[in-house]
Amino acid sequence: MPNSKITFRAIAPIYSPLSLHLGVDQFAPQFIESLKATNIDYDDKHNLLNWKGRLLHLGGQQSDKRQYQSTALNSKDVRLMCWSPETKEQASTQVMFHVFTNHIAIAEVELTIDMDDLTIEGESVDALVLGLEEQVQQLAQAQVELNFNDFCKDLQQLKSFLSDDFVLSKTTPASNVTWVARTMLIDDTSLEQPKIQAILTAWLKKTGRPEDAADIISRKINFSMTWLNYVVKNAKGVGADPQIQIMVLSQYYYVSQENCNSGLRSAIEVAYARGSTNKIDKVLADTRTACRLNQIAYFENIKFLNRPNRVLLEDILTGWQFNQLVENSERMIEICNARLQEEDNKKRERSTVMTDLLLVTLSFFAVFELSLYLTEFSREMMSRPALDYNDNKRSFFLGIIAEIDADIMFSFGFCLTLILIVVYRYIKRN
């Protein structure tokens, strides 16, 4: 490597139009088998499909028969697939999009920067590092934007080969590069150069472990991955380096949890918005379920990583304070639960009111019918003495009722119903 050139591997989360329906188990044997059985003939001259790139590792790279076959390999691959463009003009650039669920893809872009081409203010190494950071981000974003439309077109064509477990966005979104993490690639030869050593030290100066620079120079460790600026020595090709693969996986889990938190915040905002006419119970319940499933998937999937990879993944996420994201998610889920409980209480209250109205109506007719029956029966007894032939004398009570005017009896029944309603409301309120 010439002294003026440095190779970087940029890692950037982007949007993927392809995902799975909520609740689909991507590690179900039938699902993996059907996805791996997808047969795409890129060289078929009679095929009308114009593929812009190559779809790789459909269904992941895990064995579909036995788990934990090797201590050196992961038992499962969380990715759905990978995609790489077929472009002749990118001789110095390699691109791979790692496609995950939850509409997330992680772009891995390799590029080489000639430091002599940078316009740097000042002669300090720190200024050079700032220039390198900016250049890596600009070039990586340019490559993502250059290939994103082709990526979406290939996924749209692929959807016709896939099962109904997949969902594809109807609209093609923007590439929406949220951030670009930068990985400096070095080897033993470049590491002997004092200039590279100085750049390496400044490169890791503001990361989680700046002391890693000295350890890499002294050959104690081979990589450093803490915060945005990373270093990997003797890295393998795009999509094949184990350390960078774990960083890609870490970024997926972080972005997935962050998207869940954003969805929860949006759902809460809609739920508490004034004059909201949306079905907030469904919005909150769906968002809460998606967040719960995402957390379950994380803890289920990491157990299939080999021990070194799991330790590295957990170290990376700990450095990013991933637990705070999860804890904040739990707090927002509690707010969702409280809002859903409020909605449930409102429904119960409305149901109670309807029940009360029904009871009042029934009680009114019952009392009204009772007064009508007493009036009718008492007058019939008074007019037909044969009906009380077993009694010693005529009923005093029925005689009084028979003499009361019918309208008065009806009014009595109505007043009695109102009294019952007032007593019921008083007892219920207290």
Side-chain angles (χ1 to χ4, degrees), residues 5-19 52-54 56 79 81-100 102-121 127-155 169 171-185 199 203-204 206-207 225-232 235 237-239 241 244-245 247-256 258-259 262 316 320:
K5 291 186 178 181
I6 302 180
T7 301
F8 292 89
R9 194 79 57 83
I11 304 171
I14 60 175
Y15 181 85
S16 169
L18 187 69
S19 186
K52 305 297 182 180
R54 296 274 176 168
L56 312 170
R79 299 173 300 180
M81 64 196 73
C82 296
W83 180 88
S84 289
E86 285 190 351
T87 52
K88 297 179 180 180
E89 63 270 14
Q90 296 180 10
S92 61
T93 304
Q94 293 179 311
V95 179
M96 178 175 286
F97 291 173
H98 305 267
V99 184
F100 295 88
N102 302 320
H103 291 290
I104 297 173
I106 307 295
E108 182 182 353
V109 182
E110 182 169 308
L111 42 91
T112 301
I113 296 178
D114 192 337
M115 291 181 287
D116 292 339
D117 296 336
L118 297 179
T119 302
I120 306 299
E121 295 182 1
L128 176 60
V129 167
L130 288 175
L132 289 172
E133 289 177 348
E134 183 64 25
Q135 187 74 356
V136 171
Q137 293 179 75
Q138 289 180 358
L139 293 177
Q141 181 162 352
Q143 288 299 321
V144 170
E145 293 175 351
L146 177 65
N147 294 285
F148 185 75
N149 286 336
D150 291 341
F151 168 66
C152 292
K153 289 178 181 178
D154 279 2
L155 290 185
S169 297
T171 58
T172 302
S175 57
N176 193 22
V177 177
T178 309
W179 66 74
V180 178
R182 294 80 61 177
T183 306
M184 181 186 295
L185 306 183
I199 294 174
W203 183 256
L204 298 178
K206 296 182 180 180
T207 63
M225 291 184 165
T226 58
W227 184 253
L228 293 177
N229 285 2
Y230 316 133
V231 175
V232 174
V238 173
D241 186 79
I244 296 179
Q245 289 291 81
M247 176 54 66
V248 167
L249 187 59
S250 301
Q251 298 235 2
Y252 161 68
Y253 284 130
Y254 191 92
V255 172
S256 181
E258 195 171 63
N259 289 348
S262 297
I316 292 172
W320 294 348

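For the numbers below, each heavy atom of this structure counts, side chains included, while hydrogens, waters and symmetry mates do not.
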### Worked check of side-chain contact (heavy atoms from CB on, under 4.5 Å) between L132 and F8
CA-CA 10 Å; L132 289 172; F8 292 89; 4.2 Å; yes
### Task
Walk me through it: do Y252 and R79 pass the test side-chain contact (heavy atoms from CB on, under 4.5 Å)?
CA-CA 10 Å; Y252 161 68; R79 299 173 300 180; over 6 Å; no
### Query
Please walk me through it: do I11 and V248 pass side-chain contact (heavy atoms from CB on, under 4.5 Å)?
CA-CA 7 Å; I11 304 171; V248 167; 4.2 Å; yes
### Query
What do the steps show when you test M96 against L56 for side-chain contact (heavy atoms from CB on, under 4.5 Å), and what is the final call?
CA-CA 10 Å; M96 178 175 286; L56 312 170; 3.8 Å; yes
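W227 and W320 have perpendicular rings, their planes meeting at more than 60° on a 0 to 90° scale where under 30° would count as parallel.
Looking at residues two or more places apart in sequence or on another chain, you find a ring-ring contact (aromatic ring centres under 6.0 Å, His included) between W83 and F97, F151.
Considering CG of L139 and CG of L146, their distance stands at 12.0 Å, rounded to 0.5 Å. Separation of atoms CD1 (I106) and CD1 (I244) is listed at 13.5 Å; rounding is to 0.5 Å. Between the CE atom of M184 and the CD atom of E133 there is a distance of 9.0 Å, given to the nearest 0.5 Å. With rounding to the nearest 0.5 angstrom, the CD atom of Q245 is 6.0 Å from the CD atom of E108. The CD atom of E134 sits 9.0 Å away from atom CZ of R182, with the distance rounded to the nearest 0.5 Å. Rounding to the nearest 0.5 Å gives a distance of 11.0 Å between OG of S19 and CG of L155.
Counting only heavy atoms from C-beta outward, the side chains of L204 and V231 approach each other to under 4.5 Å. Side-chain contact between I6 and I113 is absent, with no heavy-atom pair separated by less than 4.5 Å. Contact of the P85 side chain with the D150 side chain is not registered, since no non-hydrogen atoms from C-beta on lie closer than 4.5 Å. Looking at I199 and M115, their side chains come closer than 4.5 Å, going by heavy atoms from C-beta outward.
The backbone N or O of A105 sits nowhere less than 3.5 Å from a side-chain atom of H98 that would complete a donor-acceptor pair. Judged by distance alone, the side chain of T183 and the main-chain N or O of R9 form a donor-acceptor pair under 3.5 Å. Under a 3.5 Å cut-off, the side chain of N102 and the backbone N or O of I104 do not form any donor-acceptor pair. Checked by atom type and distance alone, the side chain of D241 never pairs as donor or acceptor with a backbone atom of A235 at under 3.5 Å.
Of the residues listed (Q251, Q137, Q141), the one engaging W179 in a side-chain hydrogen bond (donor to acceptor under 3.5 Å, both in side chains) is Q251, and it is the only one.
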